[in-house]
**Student:** 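Sharing a structure, written as structure tokens. Questions coming.
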Amino acid sequence: MHIQPDDLLLIIDVQNDFCPGGALAVADGDAVVPVVNRLAAHFDHVVLTQDWHPAGHSSFAISHPGAAAFSSITMPYGPQTLWPDHCIQGTAGAAFRPDLATERAELVIRKGFRAAIDSYSAFFENDRTTPTGLAGYLRERGFRRVVMAGLATDFCVQYSALDARRLGFETAVVLPGCRGIDLGGSLAAATTAMREAGVALVEEIP
Ligand code: VGL
Ligand code: ZN
């Protein structure tokens, strides 16, 4: 692994609700934990994201009477997939997986905390303009490359990786450390979009 001092590992949403048994379980989601832990041991700098919704969040199907989970609606900021209730602030489902090595994280970015808007990306909410503050943090600290892994490949990892590229960071996604939800072909579409945007999709740290 050729890790430089200005490389950052960004670990996306490795939380109980996205793992088997959780409210929005990603198939085999817990399999990312040993991969991510091994990565974290090699990086000088690690940041975590945590999906962190208030109860009744507008991305929850239950907030839209008659709408089914995994269907799509149009919100003022654009299309939004509706999800089962998940990652509700302070619940066990929102906690990091107990076996995730969190101790070396220098920052935890919480996202999705505004009731009226979802946030897949670690950088911008789903209107693609409201910042989380992470870009400023990375720039101020002088990071050049962002290496990502976590859950889910086709939602929060993809959106974060596309935004990192848009912001001018060299960006890599370590695929063995990711698992996808795959709604209607979203996993293949995400892979294509990331590749076309110049995200390095890698098996190991290049
Ligand atoms: C995510 C759906 C809803 C993710 C978060 O972490 O990919 N997906 N909230
Ligand atoms: Zn969410």
Side-chain angles (χ1 to χ4, degrees), residues 9-33 35-36 47-64 67-73 75 77-97 100 102 105 108-128 130 132 134 146 148-164 173-175 177-191 193-194 199:
L9 178 67
L10 182 63
I11 301 175
I12 309 281
D13 296 3
V14 182
Q15 294 166 256
N16 290 323
D17 269 346
F18 296 124
C19 291
L24 179 42
V26 178
D28 211 23
D30 54 337
V32 307
V33 174
V35 180
V36 164
V47 168
L48 310 178
T49 69
Q50 190 171 26
D51 210 41
W52 195 249
H53 302 303
H57 190 262
S58 60
S59 74
F60 296 169
I62 199 155
S63 305
H64 305 270
F70 305 105
S71 67
S72 183
I73 59 160
M75 297 284 277
Y77 54 82
Q80 172 69 49
T81 301
L82 296 179
W83 304 106
D85 288 17
H86 66 278
C87 297
I88 294 175
Q89 295 168 357
T91 63
F96 291 116
R97 279 280 306 193
L100 180 70
T102 59
V108 177
I109 284 278
R110 287 175 167 168
K111 59 186 182 58
F113 52 76
R114 284 186 230 279
I117 183 169
D118 204 3
S119 187
Y120 295 148
S121 166
F123 295 97
F124 295 103
E125 302 193 16
N126 283 9
D127 59 3
R128 317 308 297 269
T130 304
T132 63
L134 182 59
V146 183
M148 300 184 191
L151 303 170
T153 319
D154 39 351
F155 288 91
C156 293
V157 174
Q158 175 194 201
Y159 278 64
S160 299
L162 295 178
D163 282 345
V173 169
V174 184
L175 293 174
C178 302
R179 291 294 184 280
I181 295 174
D182 204 12
L183 271 187
S186 58
L187 193 51
T191 307
M194 288 192 282
V199 175

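Read the numbers this way: they start at 1 and go in the same order the structure lists the ligands and their atoms.
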**Student:** Would a distance-only check, ignoring hydrogens and angles, find a side-chain to backbone donor-acceptor pair under 3.5 Å from Asp154 to Asp182?
**Tutor:** yes
**Student:** Could you tell me whether the side chain of Trp83 reaches within less than 4.5 Å of the side chain of Asp118, counting heavy atoms only?
**Tutor:**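 Yes; the side chains approach each other to less than 4.5 Å.
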**Student:** Do Met194 and Leu162 have side chains that approach each other closer than 4.5 Å (heavy atoms only, starting at C-beta)?
**Tutor:** yes
**Student:** N/O of Ala152 under 3.5 Å from N/O of ligand 1, yes or no?
**Tutor:** yes
**Student:** Run down the list Phe60, Trp52, Tyr159, Trp83 and name the one with the heavy atom closest to atom 2 (C) of ligand 1.
**Tutor:**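 Result: the heavy atom closest to atom 2 (C) of ligand 1 is in Trp83.
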**Student:** Decide whether an N or O pair under 3.5 Å exists between His86 and ligand 1.
**Tutor:** yes
**Student:** Taking the six-membered ring for Trp and the full ring for Phe, Tyr or His, determine whether the centres of Phe60 and His86 are under 6.0 Å apart.
**Tutor:** yes
**Student:** Any nitrogen or oxygen of Asp118 lying under 3.5 Å from a nitrogen or oxygen in ligand 1? Just yes or no.
**Tutor:** no
**Student:** Are the charged groups of Asp163 and Arg128 less than 4.0 angstrom apart, N to O?
**Tutor:**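 Counted as a salt bridge, because a side-chain N and a carboxylate O are separated by less than 4.0 Å.
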**Student:** If we only count N/O pairs under 3.5 Å, is Ile181 in contact with ligand 1?
**Tutor:** no
**Student:** Provide, to 0.1 Å, the distance between atom 6 (O) of ligand 1 and the closest protein heavy atom, together with that atom's residue and name.
**Tutor:** Asp13 OD2, 2.6 Å
**Student:** Can you check whether Met148 reaches Val199 side chain to side chain, under 4.5 Å on heavy atoms?
**Tutor:**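 Of all side-chain heavy-atom pairs linking Val199 with Met148, none is under 4.5 Å.
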**Student:** Below 4.0 angstrom from a heavy atom of Leu151, which ligand 1 atoms are there? Numbered from 1 as shown, please.
**Tutor:**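 In order of number, 4 (C), 6 (O), 7 (O).
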**Student:** About how many Å separate NE2 of His53 and OG of Ser59, when rounded to the nearest 0.5 Å?
**Tutor:**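 The OG atom of Ser59 sits 4.5 Å away from the NE2 atom of His53.
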**Student:** At less than 2.8 Å, would any N/O/S atom of His86, backbone or side chain, sit next to the Zn ion (ligand 2)?
**Tutor:**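 Short answer: yes, at least one N, O or S atom is under the cut-off.
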**Student:** Does the N or O separation between Phe155 and ligand 1 drop below 3.5 Å for any pair?
**Tutor:** no
**Student:** Just give me the atom name: the N, O or S atom of His53 closest to the Zn ion (ligand 2).
**Tutor:** NE2
**Student:** Could you tell me whether the Zn ion (ligand 2) has an N, O or S atom of His57 under 2.8 Å away?
**Tutor:**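 No, His57 does not qualify, because none of its backbone or side-chain N, O or S atoms lies under 2.8 Å.
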**Student:** With atoms numbered from 1 as shown, which atoms in ligand 1 lie under 4.0 angstrom from a non-hydrogen atom of Phe18?
**Tutor:**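 Near Phe18, meaning under 4.0 Å from one of its heavy atoms, ligand 1 has 1 (C), 4 (C), 5 (C), 6 (O), 9 (N).
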**Student:** Around atom 1 (C) of ligand 1, find the nearest protein heavy atom and jot down its residue, atom name and distance.
**Tutor:** Cys156 SG, 3.3 Å
**Student:** Quick one, Ser160 and Tyr120 - any side-chain contact, counting heavy atoms below 4.5 Å?
**Tutor:** no
**Student:** Do any of the N/O/S atoms of Asp51, backbone or side chain, fall under 2.8 Å from the Zn ion (ligand 2)?
**Tutor:** yes
**Student:** Among Asp51, Thr132, Asn126, which one satisfies side-chain hydrogen bond (donor to acceptor under 3.5 Å, both in side chains) with Lys111?
**Tutor:**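 Considering Asp51, Thr132, Asn126, a side-chain hydrogen bond (donor to acceptor under 3.5 Å, both in side chains) with Lys111 is found only for Asp51.
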